[in-house]
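Below: one structure, written as structure tokens.
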Amino acid sequence: MAKKILVTGGTGYIGSHTVVELQESGYEVVIVDDLSNSSIDVLDNIAKISGTKPAFEQFNLADKEKTSDFFKRNQGIEAIIHFAAFKAVGESVQIPLNYYRNNLVSLMNLLDCQREFNVPNMVFSSSCTVYGQPEKLPVTEATPRKDAESPYGNTKRVSEDILQDSVKAYPELKAIALRYFNPIGAHPSALIGELPLGVPQNLVPFITQTAAGLRDELKVFGDDYNTPDGSAVRDYINVVDLAKAHVTAIARLLDGKNKANYEIFNLGTGDGLSVLEVVKGFERATGEKLNYKIVERRAGDVEQIWADTTYANEELGWKAEKGLDETLLSAWNWEKKVRGIE
Ligand code: WQD
């Protein structure tokens, strides 16, 4: 009998890639998503890849009654991977209360239901944004968190605190927080990928939309940072590698291999790349010439951050495998598929 996993936010970018990896590892998946930032068509595309269309229910997890009713009707869930959250950094500055209410009430409703319906395990989608601009690089899991640059980032930090306090108070609960660095790329099938609504905030979707002719030019936000080529440095991780880490974390909890009831892992490649290196990598990998211009820095950006992946490699037994060129090519193939470009 396949073990049943609830994936909240499972029609989203990282969620959909994780659903595919869970199914291909033999798990039964049920998705809850409010479709506020994703399309229901993702379900059919997941089925085209894995052969199985996941069960799906549409509602917002900040609604306690609907969330509790879902668990009443879906017994036997062994673990939750919780992606569902608002995640636009800039938007969170404009409407902070929507972000705190949605992201934190959803998590607390899930934790209440975990206790009421005996669902002990949670893998939580956190972010390297909790580190702010670290004093020392690369970043380990012991690197102190800093005040977040945005309400979005603060909801991730507070969510981690809620998890840590909850597993202390309720020993039946176990949680793993996965701190993502910068997820990029798409499934090799080009059937699922990142589909930002409106103007993309993130670098790689803006690059692929520029190459596809949807945007006139990429604006590179600053080349006066204290980095090798002056542009800001990040740790870009392939979304399929990231998805596989979630399957590893779920197995760790289900097999009781966790060494504490609350664990944290950095999910990065361990390599820092500048914006201009990503631009050149895109041109190299795709043969496309990218139109870009250097402009002033973007408010709230950190100068550089990348992960020390030793703990995830050794303790979690997971390592990012896909390189930059393969990953950028997958993003481009996905963009071309979405836009009907040959
Ligand atoms: C990367 C680099 C930009 C767009 C954010 C969130 C983080 C996570 C990932 C959710 C920066 C530069 C970008 C553009 C550019 N999201 N850039 N021109 O800001 O590192 O992280 O997204 O979990 O929590 O904070 O990602 O892709 O926006 O930017 O020059 O048009 O690309 O300045 O240096 P970021 P990003």
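The analysis underlying the following values was restricted to heavy atoms, covering all of them including side chains, and did not include hydrogens, waters or symmetry mates. Just so you know, these numbers come straight off a predicted model, no measurement behind them.
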Mark yes when over 12 heavy atoms from residues, nucleotides or ligands other than [X] sit less than 6.0 Å from its [atom1]; otherwise mark no.
X	atom1	answer
Arg101	CZ	no
Lys146	NZ	yes
Asp255	CG	yes
Lys64	NZ	yes
Gln75	CD	yes

Can you tell me how far apart [atom1] ([X]) and [atom2] ([Y]) are? Round to the nearest 0.5 Å.
X	Y	atom1	atom2	value
Leu107	Lys156	CG	NZ	9.0 Å
Arg145	Asp161	CZ	CG	4.0 Å
Ile31	Leu22	CD1	CG	9.5 Å

Quiz item: Does the salt bridge (Lys or Arg N to Asp or Glu O under 4.0 Å) test come out yes or no for Asp69 and Arg73, once each step is laid out?
Solution: CA-CA 6 Å; Asp69 174 59; Arg73 290 182 289 101; 2.9 Å; yes
Is it true that the side chains of [X] and [Y] contain a donor and an acceptor less than 3.5 Å apart?
X	Y	answer
Tyr131	Asn266	yes
Asn60	Asn102	yes
Thr11	Asp33	yes
Ser126	Glu160	yes
Asp223	Ser231	no

Just so I know, are the side chains of [X] and [Y] near enough to count as touching, which here means a heavy-atom distance under 4.5 Å?
X	Y	value
Ile207	Val279	yes
Phe181	Val139	yes
Phe59	Asp34	no
Leu110	Asp112	no
Asn121	Leu254	yes
Asp235	Cys128	no
Glu321	Glu326	no
Lys53	Ile46	no

Could you see if [X] belongs to whatever hydrophobic cluster contains [Y]? Use Ile, Leu, Val, Met, Phe, Trp, Tyr and a side-chain cutoff under 4.5 Å.
X	Y	result
Ile264	Leu111	yes
Ile305	Val275	no
Ile5	Val42	yes
Ile80	Val123	no
Val278	Ile294	yes

Practice problem: For the pair Arg252 and Glu263, evaluate salt bridge (Lys or Arg N to Asp or Glu O under 4.0 Å) and give the outcome as yes or no after the intermediate values. | Solution: CA-CA 11 Å; Arg252 181 180 177 88; Glu263 294 180 308; 2.7 Å; yes
Using a strict cut-off of less than 4.0 Å between a Lys/Arg side-chain nitrogen and an Asp/Glu carboxylate oxygen, indicate whether [X] and [Y] qualify as a salt bridge.
X	Y	result
Glu283	Lys289	yes
Glu315	Lys257	no
Glu217	Lys293	yes

Exercise. Starting from the C-alpha separation in whole Å, work towards a yes-or-no answer on salt bridge (Lys or Arg N to Asp or Glu O under 4.0 Å) for Arg115 and Glu172.
Key: CA-CA 8 Å; Arg115 298 182 63 218; Glu172 72 273 27; 3.4 Å; yes
Aromatic ring centroids of [X] and [Y] under 6.0 Å?
X	Y	value
Tyr180	His246	yes
Tyr311	Phe265	yes
Trp332	Phe282	yes

Quiz item: Nearest heavy-atom pair of Ala177 and Tyr262: which atoms, and what distance?
Solution: CB-OH, 3.6 Å
Self-check item: Option among Thr18, Leu267, Leu178 that satisfies the side chain to side chain contact (heavy atoms under 4.5 Å, CB included) test with Leu242
Solution: Leu267
Give every donor-acceptor pair under 3.5 Å between a side-chain atom in residues 86-95 and any protein atom, sequence neighbours left out.
unit_1: Glu91; atom_1: OE1; unit_2: Tyr99; atom_2: OH; d: 2.4
unit_1: Ser92; atom_1: OG; unit_2: Val89; atom_2: O; d: 2.6
unit_1: Ser92; atom_1: OG; unit_2: Tyr152; atom_2: N; d: 3.0

Exercise. Evaluate side-chain contact (heavy atoms from CB on, under 4.5 Å) for Ile237 paired with Ile184, printing each intermediate quantity in order.
Key: CA-CA 6 Å; Ile237 175 169; Ile184 61 170; over 6 Å; no
Exercise. Could you check Thr155, Asn98, Asn154 and say which one makes a side-chain hydrogen bond (donor to acceptor under 3.5 Å, both in side chains) with Asn103?
Key: Thr155
Quiz prompt | Trace of the salt bridge (Lys or Arg N to Asp or Glu O under 4.0 Å) decision for Glu21 with Lys244 | solution = CA-CA 6 Å; Glu21 296 306 321; Lys244 289 178 190 295; 3.2 Å; yes
